[in-house]
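Notes to accompany the following structure.
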Amino acid sequence: MRYSKFFIPSLKEDPKEAVLKSHKLLLRAGFVRQLSGGIYTYLPLGFKSLKKLEDIIRQEMNLAGAVELSMPFVQPLDIWRQSGRDEDYGKELLRFKDRQDRDFCLAPTYEEVITDLVKRNIKSYKELPLTLYQIHLKFRDEMRPRFGLMRAKEFIMKDAYSFDADDAGLDKSYKAMRKAYENIFKRLGFSFKFIKAEAGEIGGSYSEELMVFSEYGEDTIVLCDNCGYSASIDDANSVSDYHGPLESCRQPKMTKLFTPDKKSVEDVSAYLKVDKTCFAKTIIYETEIGFVAGIVRGDREINEHKLKKAAGVKNLFLAKEADVERVTGAPCGFAGPFGLNDVRLIVIDEEINNSEYWITGANEKDAHMANVKPERDFMPDVVANIRSVQTGDKCVRCSGSLSVKNAIELGHIFKLGDKYSSILDAKFLDEKGEFKFFVMGCYGIGVGRTLQTLIEVFSDESGINLPVSVSPFTVAVVSLNTGDEGIVGLSEKIYSELKSFGMDILYDDRKLSAGVKLKDIDLIGIPFKIVIGNRTIKDKKYELSIKNGNIKEVYGNLESLYKRVIELSKVEGFFEP
RNA sequence: CGGGACGUAGCGCAGCUCGGUAGCGCACUUGCUUCGGGAGCAAGGGGUCGCUGGUUCAAAUCCAGUCGUCCCGACCA
């Protein structure tokens, strides 16, 4: 492909709407453009990369025995009314009417359609198991689309659905998909892990999320360095073996401490010269049952998800400052667990209950209280694990050391059981001639999100650095001086010869200065680059640059250059020096 | 949906406090020179200042509303 004939609107400067590195690069390298919030055009370059990524997914799905199809993006709302998810999905389901005034929606997912399809066409256990998949659009009217393709309203997803005669069959289908996912993400070069998850909107009995580690991931997960235990920060537990504040900060009896203007644990700890672990901090939340106080150690954070569960509430958010003042009788920053007005529940973390001698707010301006003991000085209603795991905590399984990492969820696999088949009355005849509901599983990969995550994880200061298998082009030929016949002639020759070997090649024939062209190639991140300039002609040597590792190789003749390029193009991930 | 910020040329921004001729860099067009890491000189083109209304002799600038984009929170691939 000639650069001059391709459409690559690259940007020199960071667009202001992007925050994330990968989002900036997607825009700068001319991979995508936003049409409206959460709605994107894939430009030729991004589209080419996307297709390569899809092919990898397709290969592994096919290998696992899944069969590809394509379902309608526009769906009659009736089918959603039947499954009851019309209401469940709420505003995320974008609805509209056709000219006959019938209700339709844009597909946020495809369980209804696939279940209906299989119900109408599969009658016997002899036709099972069956796994169908598609790579296709979904639309969810997200309340807040953000970070480019990471959370878009319209997005591309690979979704697969398995149909089995019984649970044992489902286990097999599930395992096959799980293995396919492992293959896909290994081929892409990701460092990843499956994490058990709560099923959410899709529902079902068991599900795992495929998480890829990345500093900027929106999800937080906990890993054990020793036994491999892993869980979402909302589910993860750590050993509670804390035996209370240090000797040095224990007071023999309840003592009021003067702490002028010191509100945060940080400030009070510095002011009193007492370790943060000696504090019990009291946070007031507003919920549908009234105010709830959550108490954890001073150096800890409350996990609101856990607190919700422990308190048995659905909605929970930090109380407004005015409410905190009313409830505690003191300005924000001096809350303690005793003498609270109008608090329905006091929930304390296990660690707090394990011990005494706590320093807490005194519910009085500019004062804290030492030697506060649960059950003597205040009555906890619930004792539970409501703290977030921190790096260094002990693993509940093996007492190894836990670490907390950010990750991006790229896949989610579910055992659905008969959730949809029973609602939609999808049955087949088993060997005994009895009707049974299909036992289903469903398996998703966010394809657009995966592309962006590849860029997030694999990029350097100069630009994108994708694995060879998903880079939009494998090799670039850059003609530095388009005014020189010798250079142009040689560039054309190399371009057409490499093309004849079936190489996916971008030939930069633009009449621009050398710097601009080289920067663009680096930004797009083409793994291998052949630069033709005066030097090439003068020295009769051919230079091949490898982006990963910033390596330059020089060849004395075209045959050996071609041989090397062909060899390199077969690398699946990155060329490793 | 709650909280915050921003909308001025294709892109990135200044101008707005204190109302009076719309500006800078990059990009673009033409010519000449240059040609291994975002070239130089010369000449040029391009903006209803997001939109609507109000105040005013006069609005990019002040006021109100509205739309859009982004960030933080509750949800998710």
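Chain letters run A, B, ... following the sequence lines, proteins first, then strands; residues in each count from 1.
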What integer number of Å spans the [atom1] atoms of [N] and [M]?
N	M	atom1	value
rC57(B)	rC70(B)	P	41 Å
rU30(B)	rA14(B)	P	32 Å
rU21(B)	rU61(B)	P	12 Å
rA9(B)	rA60(B)	C1'	14 Å
rC41(B)	rG68(B)	C1'	42 Å
rU29(B)	rG23(B)	P	23 Å
rA42(B)	rG54(B)	P	48 Å
rC1(B)	rA64(B)	C1'	23 Å

Per-nucleotide protein contact string for nucleotides 9-16 of chain B, where B marks a base within reach and S marks sugar-phosphate only (heavy atoms under 4.0 Å, - for neither): --BSS---

Aromatic ring pairing Y174(A)/Y443(A), orientation class (parallel under 30°, perpendicular over 60°, tilted between):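 Plane angle between 30° and 60°, so tilted.
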
Parallel, tilted or perpendicular, as decided by the 30° and 60° cut-offs, for the rings of H23(A) and Y40(A):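 Correct class here is perpendicular.
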
Closest nucleotide among rC76(B), rG38(B), rA77(B) to the E409(A) side chain: rA77(B)

Counter-base of [N], judged by Watson-Crick or G-U geometry with both distances under 3.5 Å:
N	answer
rC28(B)	rG44(B)
rC49(B)	none
rC16(B)	none
rG36(B)	none
rU69(B)	rA5(B)

Do the side-chain N or O atoms of [X] get closer than 4.0 angstrom to the phosphate oxygens (OP1, OP2) of [N]?
X	N	result
K519(A)	rG36(B)	no
R144(A)	rC71(B)	yes
Q34(A)	rG68(B)	no
S36(A)	rU69(B)	yes

By the 4.0 Å heavy-atom rule, please label [X] as base, sugar-phosphate, or nothing.
X	answer
G448(A)	nothing
D141(A)	nothing
K308(A)	sugar-phosphate
A152(A)	base
Y443(A)	nothing
V19(A)	sugar-phosphate
M157(A)	sugar-phosphate
G37(A)	sugar-phosphate

Donor-acceptor contact below 3.5 Å, side chain Y181(A) vs main chain G444(A): yes

Aro-ring/base stack F155(A)-rA77(B), d under 5.5 Å, angle under 30°: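 Here the ring of F155(A) and the base of rA77(B) are stacked, with centres under 5.5 Å and planes under 30°.
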
Distance in angstrom units between F139(A) CZ and rA77(B) P, rounded: 16 Å

Pair of N/O donor and acceptor under 3.5 Å linking rC76(B) base with R140(A) side chain: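 By the distance-only test, no, there is no pair.
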
Pair of N/O donor and acceptor under 3.5 Å linking rG37(B) base with K552(A) side chain: no

Donor-acceptor side-chain pairing of S83(A) and E112(A) below 3.5 angstrom: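 Yes - a donor-acceptor pair under 3.5 Å links their side chains.
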
More than 12 heavy atoms from other groups under 6.0 Å of CD on E485(A):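 Open: at most 12 neighbouring heavy atoms sit under 6.0 Å from CD of E485(A).
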
Neighbour count >12 (heavy atoms, 6.0 Å) for atom CZ, F73(A):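 It does: F73(A) CZ has more than 12 such atoms within range.
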
Contact list for RNA chain B against residues 39-72 of chain A - heavy-atom distance below 4.0 Å: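 Nucleic-acid contacts, sorted: none.
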
Distances under 3.5 Å only, N/O to N/O: pair up the protein atoms with those of nucleotides 32-35 of chain B.
residue : atom : partner : partner atom : Å
rC35(B) : O2'  : N481(A) : ND2          : 3.2
rC35(B) : N3   : N481(A) : OD1          : 3.1

Centroid separation F473(A) to F6(A) less than 6.0 Å: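 Yes; F6(A) has its ring centre under 6.0 Å from that of F473(A).
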
Salt-bridge present (D520(A), K517(A); N to O < 4.0 Å): no

Chi angles and distances behind the side-chain hydrogen bond (donor to acceptor under 3.5 Å, both in side chains) call for Q452(A), S22(A): CA-CA 6 Å; Q452(A) 184 166 345; S22(A) 52; 2.9 Å; yes

